[in-house]
Amino acid sequence: MSGAWLRFSAVLALLMASSAAVAAPDAETAKRCLRAAYMVYPYKRPGAAPMNGDRLHFFQQCVAQGGSKSAEVPKTD
């Protein structure tokens, strides 16, 4: 029983210390990034165009950079 408790506490300590546990962005950063994502990738009626994750990826990158991502279309190769 004590071995299981020790493993549980070790896993819990690793999860709390890991960099995967990221704090949520503040409201202003999220608003700014969402507005920029919709400017770069405008809304299209469902079914009118195939969906992709470009807007979501742009939003995630913007939030990761703290809202400093500029609202311009990324270069495609």
Side-chain angles (χ1 to χ4, degrees):
M1 187 73 157
S2 66
W5 179 253
L6 182 62
R7 281 190 299 243
F8 174 73
S9 61
V11 169
L12 184 61
L14 285 174
L15 285 175
M16 291 177 66
S18 73
S19 63
V22 180
D26 63 339
E28 289 302 317
T29 301
K31 285 179 192 178
R32 189 176 322 116
C33 290
L34 188 60
R35 189 176 306 120
Y38 272 97
M39 288 172 60
V40 174
Y41 299 102
Y43 175 78
K44 294 179 182 162
R45 188 170 44 89
M51 298 299 290
N52 57 23
D54 291 340
R55 185 185 307 135
L56 177 61
H57 182 69
F58 183 89
F59 176 78
Q60 290 171 340
Q61 292 296 319
C62 180
V63 169
Q65 294 176 3
S68 64
K69 187 159 182 101
S70 62
E72 59 188 35
V73 179
K75 295 179 178 84
T76 57
D77 294 332

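Hydrogens, waters and symmetry mates are skipped; everything else that's a heavy atom, side chains included, is used. What you see is a predicted model, and the numbers here were worked out from it, not measured in a lab. Numbers here simply count residues along the sequence, with the first being 1.
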Using every non-hydrogen atom in the two residues, find where Phe59 and Ala30 come nearest and quote the distance to one decimal.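 Looks like CE1-O, 3.6 Å.
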For Lys31, all residues meeting side chain to side chain contact (heavy atoms under 4.5 Å, CB included), sequence neighbours excluded: Glu28, Arg35
According to side chain to side chain donor-acceptor pair (under 3.5 Å), who are the partners of Arg55, at least two apart in sequence or on a separate chain?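 If we apply the side chain to side chain donor-acceptor pair (under 3.5 Å) test to Arg55, skipping adjacent residues, the hits are Tyr38.
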Shared ILVMFWY cluster between Leu34 and Val63, side chains joined below 4.5 angstrom? yes
Output the distance between atom CZ (Arg32) and atom CG (Asp26), rounded to the nearest 0.5 Å.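 Here the interatomic distance stands at 7.5 Å.
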